[in-house]
Number of protein chains: 2
Amino acid sequence: MMELTRKGEYAIRGIVFLASRPPEQVCLLSDIAAAVDVPPTFLAKIFQQFSKIGLVKSYRGTGGGFVLGRTPDRITLLEVVEAVEGPITPNRCVIKEGECPRDTSCNVHPVWVDVQQQVRDILNSVTLQKLAQR
Amino acid sequence: MMELTRKGEYAIRGIVFLASRPPEQVCLLSDIAAAVDVPPTFLAKIFQQFSKIGLVKSYRGTGGGFVLGRTPDRITLLEVVEAVEGPITPNRCVIKEGECPRDTSCNVHPVWVDVQQQVRDILNSVTLQKLAQR
DNA sequence: ACTAAAAAGACATTATAAGTCTTTTTTATG
DNA sequence: CATAAAAAAGACTTATAATGTCTTTTTAGT
Ligand code: SF4
Ligand code: SF4
């Protein structure tokens, strides 16, 4: 239960690797994929998502590739995970008020709110800088 | 991400309802299903799982049905969830040592261990008694 | 024997995950 | 400007898991 998908795992591996490289060095997707052992075509999709929200910056054409969108100390694991997996939602009812008709009277509901909060807090407290250091 | 399945949600609803009933009262599966708005055949499967590990006690034949296997203050939400969803595993690598070849050197690994611990702690601190009170 | 109920197992359907393939767009460089 | 290198975009597969349903069997009370 509550398992990260491969996509999420790959996303983390890829961007942590990128964070471990010299700051201004443009990295080829194919090199990243090889380094972290992920199917290149799959990682491409993931980095496209990163690029759209600015987590990474991409350069197209000859000499192109990827760099981090921000310094690694300002990117958290939470952002990375939510970028590809969507929001942390231990149960439907925490997505928004009224998702479940029972939510006002339900004693279980606050537990899921708590779980969501704790998990978000943990992931938010971890930066790529921390993860990239050896 | 990290979303409880319907099965898990239904399982909780069902057993919480059972916990809210007078202790020795034998409940029909069909009644429970109707009360918590779950497909009866699906809930049957769930309660079979409960029964196997003793979370509930079942009586077959005429006058049969279900009662809690223990008093509601000694059943935690963690047990209920893990009974039907399996262990809380935010990522493969926390299942057991060596699941991921990188786990010894990986800086992300301890984060997932932490998440697992926190979630288990929260769910383990909630009893059916708490959940069943109105 | 008859009936009420859960247990067991096979089956069906749908949704999501996981990954591939092809085509298009962008850009540096000779 | 032609070419090649690289990411972006979109369509497509395939595998796995979620969400049930249906039928038959076992058990137990009357
Ligand atoms: S935990 Fe309660 S509020 Fe949330 S989905 Fe279940 S019944 Fe609804
Ligand atoms: S977090 Fe680290 S140890 Fe866990 S699966 Fe990913 S690479 Fe392996």
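Predicted model, so just to flag it, every value in this text is computed and none were measured. The analysis underlying the following values was restricted to heavy atoms, covering all of them including side chains, and did not include hydrogens, waters or symmetry mates. So you know, we letter chains A, B, ... as the sequences are listed, proteins then strands, and number each from 1.
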Next on the checklist: What contact category does B:Lys52 fall into here, base, sugar-phosphate, or nothing, at under 4.0 angstrom with non-hydrogen atoms?
Outcome noted: sugar-phosphate

Item to check | Interatomic distance, A:Leu4 CG vs C:dT16 P [rounded to whole Å] | outcome: 17 Å

Item to check | Which atom of B:Glu9 lies closest to which atom of B:Leu4, heavy atoms considered | outcome: N-CD2, 3.5 Å

Checklist outcome for this item: The ring-ring contact (aromatic ring centres under 6.0 Å, His included) partner of A:Tyr10 among A:Phe42, A:Phe17, A:Phe50 is A:Phe42

Item to check | Whole angstrom value for the distance that separates P of C:dA5 from CD1 of B:Ile32 | outcome: 13 Å

Next on the checklist: OP1 or OP2 of C:dA18 versus the side-chain N and O atoms of A:Thr5: is any pair under 4.0 Å?
Outcome noted: yes

Checklist outcome for this item: Residues pairing under ring-ring contact (aromatic ring centres under 6.0 Å, His included) where one sits in residues 62-99 of chain B, two or more places apart or in two chains, turn out to be B:Phe47-B:Phe66

Next on the checklist: Looking only at the side chains, is there a donor atom on one of A:Thr76 and A:Asn124 sitting less than 3.5 Å from an acceptor on the other?
Outcome noted: yes

Checklist outcome for this item: note: A:Met2, atom CE; D:dA18, atom P; distance rounded to Å ~ 14 Å

Checklist entry - When the distance from CG of B:Leu55 to P of C:dA6 is rounded to whole Å, what number comes out? => result 17 Å

Item to check | With A:Arg92 via salt bridge (charged side-chain N to carboxylate O under 4.0 Å, His left out) - residues at least two apart | outcome: B:Glu3

Next on the checklist: Could you tell me how far apart B:Lys7 (NZ) and D:dA18 (P) are, to the nearest whole angstrom?
Outcome noted: 8 Å

Checklist entry - What one-letter contact string describes nucleotides 20-30 of chain D from 5' to 3', where B marks a base within less than 4.0 Å of any protein heavy atom, S marks contact via sugar-phosphate atoms alone, and - marks no contact? => result SB----BBBB-

Item to check | Separation of atom CD in A:Glu3 from atom P in C:dA17, rounded to whole Å | outcome: 12 Å

Checklist entry - Within this structure, what is the CD1-to-P distance between B:Ile46 and D:dA18, rounded to whole angstrom? => result 13 Å

Next on the checklist: For a quick check under 3.5 Å, do B:Thr5 and B:Glu85 share a side-chain donor-acceptor pair by atom type?
Outcome noted: yes

Next on the checklist: Under 4.0 Å, heavy atoms only, any strand: does B:Ser51 hit a base, just the sugar-phosphate, or nothing?
Outcome noted: sugar-phosphate

Checklist entry - What distance do B:Ile12 atom CD1 and A:Asn107 atom CG have between them, rounded to the nearest 0.5 Å? => result 12.5 Å

Checklist entry - Would you say C:dA5 has OP1 or OP2 under 4.0 Å from some side-chain N or O of B:Ser30? => result no

Next on the checklist: Could you tell me how far apart A:Gln48 (CD) and C:dT24 (P) are, to the nearest whole angstrom?
Outcome noted: 16 Å

